[in-house]
Amino acid sequence: MGFVATEEEVSFYRENGFVEIDNVISQDELEELRMALEEVMAKPPAQSVQTSESKDLYYRVLNQRVNTWRDHGIMAKYALHERFAKLARQLTGASGIRLFHDHALLKMPGDSKPTPWHQDLPYWPMDVPEGPVWSGPLSIWLALDDVDERNGCMMFVPTSHTIGKLTGISLVEPQDIFDYAKGSEAAERKPVIVRMKAGSCTFHNGLTFHYAHSNTTDKPRRVLAVIYMPDGTIYTGVRHVVTDDKGLVAGQPFAGGLFPKLA
Ligand code: SIN
Ligand code: NI
């Protein structure tokens, strides 16, 4: 089981802004997590937030539920799991890792749209602590189904995390992020397609350019993604579904029970 990243994985992550780590959960855990995901998605949200409605254009890109850990104990088990947070700590070299939020990311069959090229950090209300670019906030993207180009596997542009923070783009009416990155050598790099078996994952830095293919199969593509931030990350006060009206103070570091330190 890949509970500790190898030196190669850590340096690959730091250099390229993403890394694949295989078999981070067992078959039993995979079954448990799949069942919990089905259960949580079948019920109306309580504390979690459904950010796409089934008639939305957004839903054609992603059927997305944010903070499933707050509605289901098994989702909490995995969203808060020390194993993944420790991997995030190792990759970033952070002294501690906090949860920002989880999200169930289902790419639904039938008129499915790709997730357009984007960076994640522009959407997050975070000021990142000083440090090398690879030490910043990141996501785990844990495949609960085998993924390839037919059902929504991801692509990453190697080294694109060095380009800097660009404008956040719309996922339904996307602007071309490569236009914003003109003149950057990193943006010219050939994207890497990451096909994976269920139970394997990628980590990607919040600045890495990434994309997911549409789902042309007849089954949903199921993923649990969790966003982690290095301890000391500052809340900016910019509006976000996870932080609005939670009593956070702009300019102060993320803290408290909704953003727990996991490793
Ligand atoms: C996806 O799963 O389709 C996109 C995930 C991401 O943007 O991080
Ligand atoms: Ni993203």
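As the structure lists them, so they are numbered: ligands from 1, and atoms in each ligand from 1. All values reported here derive from a predicted model rather than from experimental measurement. Numbering starts at 1 and runs along the sequence shown.
Interface of Lys107 with ligand 1, defined as ligand atoms under 4.0 Å from a residue heavy atom, comprises 3 (O). Against a heavy-atom cut-off of under 4.0 Å, Arg221 is close to the following atoms of ligand 1: 1 (C), 2 (O), 3 (O). Atoms of ligand 1 found under 4.0 Å from any heavy atom of His204 (numbered from 1 in listed order, with element): 8 (O). Of all the atoms in ligand 1, the ones that sit under 4.0 Å from a non-hydrogen atom of Leu105 are 2 (O), 5 (C).
By the neighbour-count criterion of 12 heavy atoms within 6.0 Å, atom NZ of Lys219 is sparsely surrounded, having that number or fewer from other residues, nucleotides or ligands.
Looking at every heavy atom in both residues, Val24 comes nearest to Leu142 through CG2-CD1, 3.6 Å.
Shortest contact from atom 8 (O) of ligand 1 to any protein heavy atom: His210 NE2, 3.2 Å. Protein heavy atom closest to atom 3 (O) of ligand 1, with residue, atom name and distance, is Thr115 OG1, 2.7 Å.
When non-hydrogen atoms are compared, ligand 1 lies under 4.0 Å from neither the backbone nor the side chain of Lys113. The proximity of Leu62 to ligand 1, defined as any non-hydrogen pair under 4.0 Å, is limited to the side chain.
In this structure, the ring of His204 has its center less than 6.0 angstrom from the ring center of Phe156.
The count of protein N, O or S atoms under 2.8 Å from the Ni ion (ligand 2) stands at 3, with waters excluded from the count.
A ring pair (Phe, Tyr, Trp, His ring centres under 6.0 Å) with His240 is found for exactly one of Tyr123, Phe100, Phe254, Tyr235, namely Phe100. Shown are Leu105, Asn63, Asp148; of these, the side chain to side chain contact (heavy atoms under 4.5 Å, CB included) with Arg221 is made only by Leu105.
The pair Glu29-Lys77 does not count as a salt bridge, with every side-chain nitrogen at least 4.0 angstrom from each carboxylate oxygen. Under the 4.0 Å criterion applied to side-chain N and carboxylate O atoms, Arg239 and Asp244 are assigned as salt-bridge partners.
By the 30° and 60° cut-offs, the orientation of the rings of His81 relative to Phe84 is tilted.
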